[in-house]
Visitor: 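Structure provided below as structure tokens; questions to follow.
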Amino acid sequence: MLVVLVPNAPHQDLIITPPKGGLALQGRVKIPGDKSISHRALMLGAIASGTTTIEGLLLGEDPRSTAECFRVMGAQISPLNSHSVTVEGIGLGNLQEPPDLLNAGNSGTTMRLMLGLLASQPERFFVVTGDDSLRSRPMSRVIKPLHQMGAQIYGRQGNSLAPLAVQGQSLQGIHYQSPIASAQVKSCILLAGLAAEGETTVTEPSLSRDHSERMLKAFGAKLTVDPQQCSVTITGQTGGLTGQKVIVPGDISSAAFWLVAAAIVPDSELVIENVGVNPTRTGILEALALMGADIQRENERLVTGEPVADLRVRHSALKGCTIGGDLIPRLIDEIPILAVAATYARGTTVIEDAAELRVKESDRLAVTASQLNRMGANITERPDGLEIRGETPLTGASVDSYTDHRIAMSLAIAALTAPTPTTIHRAEAAAISYPNFIETLEQVCSGSV
Ligand code: S3P
């Protein structure tokens with residue numbers, strides 16, 4: 001297997017040339033830290049009092065954006081590494097007014113969660129921006145509820161697009177019925193609720209990832225969860241948060257690439273170590289099980305409030321299935337790689353209720369369908385999903401990540417079984433959430449993991 005990264009200024013192409021005579025993936029894979037938990041550990045550490053230590057932080061570009069924003073606002077965050085990062089918190093109401101723009105880069109989580117904190121800093125003014133992709137993503141979903149709490153936030157196109165200007169205010173608690181199951185929306189409102197007067201409740205149509213709830217509780221917030229109603233209540237102004245030790249588990253969204261790789265490449269068996277298996281994130285395991293994948297959990301344990309396991313996956317024949325409803329928020333980031341698995345499944349796989357994918361780092365429904373179809377897949381876009389007719393063996397092609405990290409990595413896994421080389425344009429995007437993806441890909445393919 002030949003995996004080569006070639007400069008194609010200002011981007012990089014990844015060329016994957018499969019070996020003659022087949023490939024079997026064997027060994028144990030270590031994955032980087034969870035992106036969602038990494039963001040939250042940095043943010044809560046910054047607004048807590050005292051020291052937070054973070055082990056296993058993701059060193060991707062997204063958490064780097066979060067760290068940089070909070071450094072500019074006064075938190076002392078040691079140089080980022082995956083062993084131990086310390087954050088000297090400055091206390092909830094003490095974020096300093098930055099002299100320049102806060103840049104969230106490509107990271108929706110940075111921008112949306114941070115807005116909840118900025119909105120509640122009276123007498124301070126902030127301007128938040130991001131890259132081309134982030135400046136085109138909808139921010140009204142957090143700005144509307146923040147306005148209801150009394151926030152002053154202004155942006156392009158009727159206060160919906162960044163750059164956004166925030167004049168910090170004292171906020172009031174609200175009960176917000178979110179029209180979408182989004183952890184970014186929920187977490188933004190909860191973070192605003194920390195400093196607001198009274199109680200703030202967020203109710204979602206179905207449960208999104210609950211890392212904020214778990215970590216806020218661990219840092220000392222007064223928070224109650226009603227899982228039956230998909231509802232969380234935080235009490236504001238209760239004396240602030242206290243720094244903690246956070247051990248970040250591996251990201252199941254990064255593990256998903258190896259789960260699918262081993263499932264579709266004949267004679268493969270991989271163990272993916274230290275994977276976060278929080279039930280609000282394990283939709284990918286349920287979806288792959290429905291498709292007939294052979295995945296076992298080993299060594300299950302709880303690590304600083306988050307469930308963790310090693311995952312053993314073996315190649316198996318896959319079959320099509322229908323994925324929708326409450327499962328979607330629990331595998332929201334895994335749909336592009338699930339689509340790759342579906343091209344190897346016998347029969348039709350239907351993904352529905354997933355219109356949210358159109359407003360991710362790229363329009364992931366359009367890009368997944370168009371790029372996998374270039375490789376020989378038979379995928380039809382639906383307004384809210386995909387219809388994937390399998391089994392369609394994929395062939396090498398020239399494809400594009402559209403600067404979306406999860407698309408870049410999904411296409412690289414799709415290329416593993418193609419008989420001819422695949423070139424993935426703008427493949428450097430993988431570093432947003434998985435900085436050593438290409439290195440690990442080489443190791444997994446050469447049997448040296
Ligand atoms: C995230 C929530 C999800 C997910 C994103 C990370 C988070 O976004 O897609 O990658 O850390 O809260 P939405 O809340 O928009 O669904």
Side-chain angles (χ1 to χ4, degrees), residues 32-44 57-58 60-63 65-66 104-117 130 133-134 136-145 160 162 176 178-192 202 204-216 230 232 246 248-249 251-257 276 278 280-284 306 326-338 353-365 368 384 404-410 429-430 432-434:
D34 187 277
K35 181 160 77 68
S36 293
I37 298 175
S38 295
H39 283 298
R40 287 158 174 79
L42 289 164
M43 287 193 198
L44 295 197
L57 187 84
L58 169 66
E61 286 166 29
D62 274 8
S65 297
T66 292
N106 189 246
S107 174
T109 309
T110 307
M111 184 171 282
R112 294 197 178 112
L113 270 60
M114 189 166 67
L115 279 171
L117 293 171
S133 153
L134 189 55
S136 70
R137 294 179 66 187
M139 292 299 143
S140 43
R141 56 181 58 198
V142 292
I143 294 173
K144 273 189 190 149
S160 68
Y176 188 64
S178 177
I180 41 173
S182 159
Q184 293 182 357
V185 171
K186 173 175 64 179
S187 305
C188 166
I189 300 167
L190 292 176
L191 290 175
V202 186
E204 322 182 76
S206 56
L207 210 57
S208 65
R209 64 192 67 191
D210 68 358
H211 305 300
S212 295
E213 293 91 308
R214 287 171 189 253
M215 205 183 288
L216 277 164
C230 300
V232 199
V246 180
V248 183
D251 198 328
I252 192 166
S253 299
S254 299
F257 300 108
N278 177 318
T280 59
R281 296 286 299 281
T282 47
I284 180 68
E306 290 279 351
D326 291 356
L327 193 53
I328 295 295
R330 298 173 50 238
L331 49 66
I332 189 76
D333 292 334
E334 285 70 77
I335 290 171
I337 189 63
L338 203 56
D353 308 315
E356 267 296 297
L357 262 75
R358 297 209 181 272
V359 291
K360 293 291 179 190
E361 286 84 330
S362 67
D363 176 344
R364 285 186 177 159
L365 296 179
T368 299
D384 70 339
D404 183 328
H405 52 129
R406 301 208 194 276
I407 298 288
M409 294 185 275
S410 299
I432 292 287
S433 62
Y434 202 149

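In listed order, ligands and their atoms are each counted from 1.
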Visitor: For atom 14 (O) of ligand 1, find the nearest protein heavy atom and state the residue, atom name and distance (0.1 Å precision).
Guide: S182 OG, 2.6 Å
Visitor: Any N or O of K360 that comes nearer than 3.5 Å to an N or O of ligand 1?
Guide: yes
Visitor: Find all atoms of ligand 1 within a distance of less than 4.0 Å from any non-hydrogen atom belonging to I332, and give their numbers and elements.
Guide: 9 (O)
Visitor: Looking at ligand 1, does R40 have a heavy atom less than 4.0 Å from it?
Guide: yes
Visitor: Any nitrogen or oxygen of R209 lying under 3.5 Å from a nitrogen or oxygen in ligand 1? Just yes or no.
Guide: no
Visitor: Which atoms form the tightest heavy-atom contact between S208 and E204, and what is the distance?
Guide: OG-OE1, 2.8 Å
Visitor: State the CZ-CD1 distance between R406 and I337, to the nearest 0.5 angstrom.
Guide: 11.0 Å
Visitor: Which residue holds the protein heavy atom closest to atom 1 (C) of ligand 1, what is that atom called, and what is the gap in Å?
Guide: Q184 NE2, 3.6 Å
Visitor: Tell me, do H39 and T110 make a side-chain contact under 4.5 Å, heavy atoms counted?
Guide: yes
Visitor: What is the nearest protein non-hydrogen atom to atom 10 (O) of ligand 1, stated with its residue, atom name and distance?
Guide: D333 OD2, 2.8 Å
Visitor: Rounded to the nearest 0.5 Å, how far apart are CG of D210 and CG of L216?
Guide: 11.0 Å
Visitor: Under a 3.5 Å cutoff, is there a donor and acceptor pairing between the side chains of S433 and H405?
Guide: yes
Visitor: Can you spot which of D251, D333, D34 makes a salt bridge (Lys or Arg N to Asp or Glu O under 4.0 Å) with R209?
Guide: D333
Visitor: Around atom 11 (O) of ligand 1, find the nearest protein heavy atom and jot down its residue, atom name and distance.
Guide: S36 OG, 2.7 Å
Visitor: Distance check, rounded to the nearest 0.5 Å: I332 atom CD1 versus I284 atom CD1?
Guide: 12.0 Å
Visitor: Which of the numbered atoms in ligand 1 are under 4.0 angstrom from any heavy atom belonging to K35?
Guide: 10 (O)
Visitor: Indicate yes or no: does an N/O atom of R406 lie under 3.5 Å from an N/O atom of ligand 1?
Guide: no
Visitor: Geometry only, no angles: is A183 polar-contacting ligand 1 at N/O separations under 3.5 Å?
Guide: yes
Visitor: Between the side chains of S178 and R141, does any donor sit under 3.5 Å from an acceptor?
Guide: no
